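Just below is one structure, and these are the notes that go with it.
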Amino acid sequence: MYKQYTLLLCMILALALQAQKYPGLAPTPPMGWNSWNYFNCNINEDKVKRMADAMAANGMKDAGYQYIVIDDCWQISRDKDGYVIADEAKFPSGIKALADYIHSKGLKFGIYSCGGRLTCQHRPGGAGYEAKDAQRYAEWGVDYLKYDWCNSEGMTSQVQYSTMRDALHRAGRPIVFSLCEWGSTKPWLWADTVGHLWRTTGDIQDRFAKGHGVLKIFDEQAPIRQYNKPNSWNDPDMLEVGNIGLTYTESKSHFTLWCMMAAPLMAGNNLHAMNEKILKVLTNKNAIAVDQDKLGIQCFLWTKANGIEAWIKPMADGGYAVCFLNRSGTAAALDFNWQQVANDPDFKKTYQIDGSYSIFDVWGDKDLGITAQNIKGSIKGQDVLFVILKKK
Ligand code: GLA
C-alpha cells in the first residue's frame, strides 16, 4: 500500500514538474520591434531606448505593438561561473536597467541568444548554459526570447530548443519563446509544444520581387499554413517595412501580406526616423485587426486571373479579408466576381460568398459597396487592393 502511494506521489510530482512552454502568451501573433533588420550588430542602449520612446509615443503602442527585442551582439563573454556578460561598451547601464526602462514605457523587453555554441555573430551561445541564461533572463525581466541556430553542428534542434524551453519554465518567468532555426528542421511539425513562434525560412532580404525578399518568403508559407494557430505561429521573419530596399508601395504590400498570413509583426526599421506614410502603414488599425484576428487562420489562394491573385482569410466574425495582389511591375485590370466558391484545400472547407457583404478598402480607408456586383479597377505594379468583407 505504502509503495503504491509513493509511486502515485512520484507520478503526480513528475507531472507537476514536467516543463512546458508557458501557455497563453501569444493568443494572437506577437507584435513589436527587433533591432536586426535595421541596425544589425550596431546596437547600443541609447538606440534601443530611442526605439522604445518612439514606439510608446508614435501610436505603435496604442496599435498593439508591445515588444522591444535586442537581437545579436548585445553579449560579449561569460564570467567564471558561466553567466553571460553584456557588452559594457554598448550597454553601460546593463541589461536589467534597459529592461526596466522599456517596462517603464509600458512595453515589454525581448532578448536574443542561440541554441548553438556561438550566436551567428560569434557571441556566446546558449548550448550547455541554458539554466544559467534562463535564470539571468528572468532576473533581468526578459519577456521574449529569440533563439537562433548558428554553430549547432552535431546538435538536434528539438533537443536544444526543448532544453531551453524547460530552463525558461524552471526560471519561473513567462517568456515568449521564439524559435529561429530558419525552417531547417521543419519546426511546424514539432515545435507547437516548444515555442510560441518559429521561423519558417532563411533571413528576409530588404527587397520585394527579387532574391529572398517579400514575395519569395510569402510563397514559402503557403504549404505550411495549416500549422499556424493561436500560441503557435509560423514566423516568416521580421518586417522590412520602411527600410531602404522597398518603395512605399512595396512596404504597404509587404505589410498586407504579413497581415493576411496572421504573421508576427516585428517592425525592423528605424522607428525614430520613419516618415508619416510608413508610420500609417505600421499602425493601420484595420490591417492589424486582420493580422490579430482571433481565429489565426493564414490566407489561402482563392483565384488567379489576368495577372492578379486573390488571397482570402476567413475571420472570427464570419467575414473575410481579401488581398488582390499584382506581383508584376505594371498595372493590371481587376474585374472580380465575389460569388465564386473559395476552396480551402488544407482545412478542407468551402466558402461561398453571397451578395450581402460590405466591402471596406483598408488602405483607401473607404467603403466600396457590397459583394452583389463585381469589383472593378486597376492595381498598380507590386501593389495590392486589401479589403475586409463583413456580413451586413
Ligand atoms: C540569424 C537570424 C537573423 C538574425 C541574425 C543575427 O541570421 O536568422 O534573424 O538574428 O542571425 O546574427
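Predicted model only: the values in this text are computed from it and were never measured. Values below: all heavy atoms of this structure, side chains included; hydrogens, waters and symmetry mates excluded. One-based numbering, in listed order, for ligands and for the atoms of each. Along the sequence shown, residues carry numbers from 1.
Counting non-hydrogen atoms of other residues, nucleotides and ligands closer than 6.0 Å to NZ of K47 gives a total above 12. Taking a 6.0 Å sphere around CG of N275, one finds it holds more than 12 heavy atoms contributed by other residues, nucleotides or ligands.
Between Y112 and W36, every side-chain heavy-atom pair lies at or beyond the 4.5 Å cut-off.
Residue-ligand proximity: W149 is placed with every non-hydrogen atom at 4.0 Å or more from ligand 1.
Salt-bridge formation is not detected for the pair D344/K313: no Lys NZ or Arg NE/NH1/NH2 atom is positioned less than 4.0 Å from an Asp or Glu carboxylate oxygen. A salt bridge links D133 and R78; the closest N-O separation between the charged side-chain nitrogens and carboxylate oxygens is under 4.0 Å.
Between D71 and N34, the side chains place a donor N or O and an acceptor N or O closer than 3.5 Å (distance only, hydrogens not considered).
For the pair D237 and ligand 1, the shortest N or O to N or O distance does not fall below 3.5 Å. The N/O atoms of K146, backbone and side chain alike, include one that comes under 3.5 Å of an N/O atom in ligand 1.
Close approach of ligand 1 to C120 is summarised as follows: ligand atoms under 4.0 Å from at least one heavy atom of the residue are 1 (C), 11 (O), 12 (O). The D72 neighbourhood of ligand 1 comprises atoms 6 (C), 12 (O), with distances under 4.0 Å to a heavy atom of that residue. Ligand 1 places these atoms under 4.0 Å from at least one heavy atom of W36: 4 (C), 5 (C), 6 (C), 12 (O). Less than 4.0 angstrom separates some heavy atom of R199 from each of these atoms of ligand 1: 8 (O), 9 (O). Taking a cut-off of under 4.0 Å to the non-hydrogen atoms of Q121, the atoms of ligand 1 that pass are 12 (O). Set against the non-hydrogen atoms of C180, the atoms of ligand 1 under 4.0 Å away are 2 (C), 8 (O).
Note that K21 lies outside the cation-pi zone of F177, set by a 6.0 Å cut-off to the ring centre and a 45° limit from the axis.
In terms of protein heavy atoms, atom 1 (C) of ligand 1 is closest to D148 OD2, 3.0 Å. Of all protein heavy atoms, the one lying nearest to atom 4 (C) of ligand 1 is D71 OD1, 3.4 Å. What sits closest to atom 3 (C) of ligand 1 on the protein, heavy atoms only, is D203 OD2, 3.5 Å.
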List the steps, then state whether salt bridge (charged side-chain N to carboxylate O under 4.0 Å, His left out) holds for D62 with K285. CA-CA 10 Å; D62 296 336; K285 65 177 194 312; over 6 Å; no
Decide yes or no on disulfide bond (SG atoms under 2.5 Å apart) for C114 and C120, but give the supporting numbers first. CA-CA 8 Å; C114 179; C120 298; 5.3 Å; no
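By the criterion of a heavy-atom distance under 4.0 Å, neither the backbone nor the side chain of C41 is placed next to ligand 1.
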